[in-house]
Trainee: 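Mind having a look at this structure? Questions to follow.
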Amino acid sequence: LQEYLACGRAVIAPKSGEMARLLRHGKEALLVTPGDKTALSTAILGLVRDSSSRDQLAKAAADFSEKAHTWDNNVIKIHEKLAQGT
C-alpha cells in the first residue's frame with residue numbers, strides 16, 4: 001500500500017496493523033475493518049462516485065508518503081536509531 005500512497009492514488013486500507021497506525025481514516029486513506037464486505041463496497045463506491053473526495057484523498061496520500069516515507073527518510077530514521085543504540 002505504501003507504493004500506492006506514494007503514487008498519489010486514493011487508497012482503501014485495512015483498519016489493522018501498520019496501516020491503521022500510520023494512516024488516518026478519511027485523511028490519507030479510507031480504512032475498513034478486515035472482512036467487512038459492506039464497508040469495503042461502500043468505500044469503493046464512494047470513491048467511484050465522488051471524484052473530488054478521491055482527488056483529495058490521493059493528494060493527501062502522496063503528501064503523506066513524500067513527507068515521511070521515502071527511502072531517504074527511512075535511512076535517516078535507521079541512522080538515528082543506530083546512533084541511539086536501539
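Reckoned from all heavy atoms, side chains included, excluding hydrogens, waters and symmetry mates. It should be emphasised that the depicted structure is a prediction, and the values quoted were computed from it without experimental measurement.
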Trainee: Grab the two heavy atoms, one from G8 and one from A62, that are nearest each other, plus how far apart they are.
Mentor: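 Looking at all heavy atoms of both residues, the closest pair is CA-CB, 3.7 Å.
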Trainee: Is there a path from L1 to I12 through hydrophobic residues (I, L, V, M, F, W, Y) whose side chains come within less than 4.5 Å of each other?
Mentor: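 In one cluster with L1: I12, no.
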Trainee: Looking at side-chain heavy atoms only, is the closest gap between L23 and L5 below 4.5 Å?
Mentor: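 Touching, per the 4.5 Å side-chain cut-off.
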Trainee: When you check the gap from the basic side-chain N to the acidic O, do D55 and K59 get nearer than 4.0 Å?
Mentor: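 Looking at D55 and K59, the cut-off is not met.
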Trainee: To the nearest 0.5 Å, tell me how far Q56 CD sits from E28 CD.
Mentor: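 Here the rounded value is 13.0 Å.
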Trainee: Return the NZ to CZ distance between K27 and F64, rounded to the nearest 0.5 Å.
Mentor: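 CZ of F64 is found 14.0 Å from NZ of K27.
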Trainee: Grab the two heavy atoms, one from A61 and one from R9, that are nearest each other, plus how far apart they are.
Mentor: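 Looks like CB-O, 3.8 Å.
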Trainee: Could you check if a side-chain atom of L40 sits within less than 4.5 angstrom of a side-chain atom of D36, using non-hydrogen atoms only?
Mentor: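 Side chain of L40 against side chain of D36, heavy atoms only: no contact under 4.5 Å found.
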Trainee: Are Y4 and V48 connected in the hydrophobic side-chain network, where two residues link if heavy atoms are under 4.5 Å apart?
Mentor: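 No, separate clusters.
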Trainee: Taking all non-hydrogen atoms of both residues, which atom of K15 and which atom of L31 are closest, and how far apart?
Mentor: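 Minimum heavy-atom contact is CE-O, 3.9 Å.
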Trainee: Is the CZ atom of R54 crowded by more than 12 outside heavy atoms at less than 6.0 Å?
Mentor: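 Counting other residues, nucleotides and ligands, CZ of R54 exceeds 12 neighbours.
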Trainee: Report yes if the side chains of L30 and H25 come closer than 4.5 Å at any heavy-atom pair, otherwise no.
Mentor: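 When only atoms from C-beta onward are counted, H25 and L30 do touch, with a gap below 4.5 Å.
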Trainee: Is there side-chain contact between L22 and Q2, with at least one heavy-atom pair below 4.5 Å?
Mentor: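 Yes - at least one pair of side-chain heavy atoms lies under 4.5 Å apart.
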Trainee: Please report the closest heavy-atom contact between L57 and A10, naming both atoms and the distance.
Mentor: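 Where L57 meets A10 most closely, the heavy atoms are CD2-CB, 4.0 Å.
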Trainee: Looking only at atom types and distance, does a side-chain atom of T42 sit under 3.5 Å from a main-chain N or O of T38, one as donor and one as acceptor?
Mentor: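 Side chain of T42 to backbone of T38, a donor-acceptor pair under 3.5 Å: yes, one is there.
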Trainee: Verify the cluster assignment for I44 and V11: are they in a single hydrophobic cluster under the rule of side-chain heavy atoms below 4.5 Å apart?
Mentor: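 They do not share one cluster, since no chain of ILVMFWY contacts under 4.5 Å joins I44 to V11.
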